[in-house]
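Numbered from 1 within each chain, the chains take letters A, B, ... in sequence-line order.
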Amino acid sequence: MVKERIEVKKIADVTIATCNDMKLNDDLVIQEWGDQLLELLDDVSCRKLVVDFSKVLFMSSSALRALITLNKKIKEAKSALVLCAIDDNIMEAFRITRLDNVFTIKRDQDESIRSFQ
Amino acid sequence: MSDAFDLRQTSTDWLWTKEFSFDSSMDAAHSFIDEIMAQLESAGWGMKEAFAANMTFEEALINAVQHGNHSDLEKQVHVICRLNGKLVYARIEDEGNGFDPDSVPDPTKEDNLLMASGRGVLLIRQFTSWSKWNDVGNVLEFEIEKPG
């Protein structure tokens, strides 16, 4: 049985996916996590997606790659993606790779929701 | 293990050292990383302070297992690791053909930002205090100093 890698809730028209894993580095975990995020886009009402990383303390470049794939699919679906609650150390990896310029990154869920307005 | 170049000896006051080889699987690599993280904690590194080490070992072992040895279980990864309360040193060798780390396209260039791969080398260079590949490109040595 596939483990639930994200916890999903809806606030108005915003879908919020909170990552359940503390570490996003194992290939299988990243595959399942990426697939479960992509599946959210199958729902036509999911046009504003927030991915909350508040539980995540480590992620590898493989997880960054999965996020780039998600970002591409989001754009194809004409949807919007916001990442939030990223740990300072992980944020450093975003800065080093300049992915902080690719993604919209907010402090928390509230700020993310407000950014869609 | 080849003697491509000598072990760097910044510190001789090591609290923990390990030299071993493992089959080319990320499960084995992650078990090793978990062991290092536990040893760093014993040596007084907090979880936040050990992040750079975690990131570097993760990316270095992805390179060795997946890109160097192509996850071929007939091939092994050879590791020497030494650490204390201030410093971690590692030498990681794979049995692949090597590569030129300077030939990896810069993933921070505008045209490359969305590339699927190529971030590992950059992350290793940025999260270590010192790093060096041998001429063949199948041996990586690095050091990470404890922050602060």
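Only the side chain of D27(B) has a heavy atom closer than 4.5 Å to any heavy atom of chain A. Proximity to chain B (any heavy atom under 4.5 Å) is shown, for K72(A), by neither the backbone nor the side chain. Both the backbone and the side chain of D26(A) come within less than 4.5 Å of a heavy atom of chain B. Within the 4.5 angstrom heavy-atom criterion, only side-chain atoms of Q66(B), from C-beta onward, approach chain A.
Between chain B and the residues I90(A), T69(A), T97(A), the most heavy-atom pairs under 4.5 angstrom are made by T97(A). Per-residue counts of heavy-atom pairs under 4.5 Å with chain A were compared for N54(B), L114(B), I62(B), D106(B); the largest is that of N54(B). Between chain B and the residues I96(A), N101(A), L99(A), I68(A), the most heavy-atom pairs under 4.5 angstrom are made by I96(A).
In this structure, the side chains of V29(A) and E32(A) stay at 4.5 Å or more apart for every pair of heavy atoms. A heavy-atom distance below 4.5 Å is not found between the side chains of L140(B) and K132(B). Looking at heavy atoms from C-beta onward, L67(A) lies in side-chain contact with M59(A) at the 4.5 angstrom threshold.
Counting non-hydrogen atoms of neighbouring residues, nucleotides and ligands closer than 6.0 angstrom, the NZ atom of K75(A) reaches no more than 12 such neighbours.
Salt bridge R119(B)/E59(B): absent, no basic N to carboxylate O contact under 4.0 Å.
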Q76(B) vs D23(B), side chain to side chain donor-acceptor pair (under 3.5 Å): CA-CA, chis, key distance, verdict: CA-CA 5 Å; Q76(B) 293 205 306; D23(B) 294 340; 3.2 Å; yes
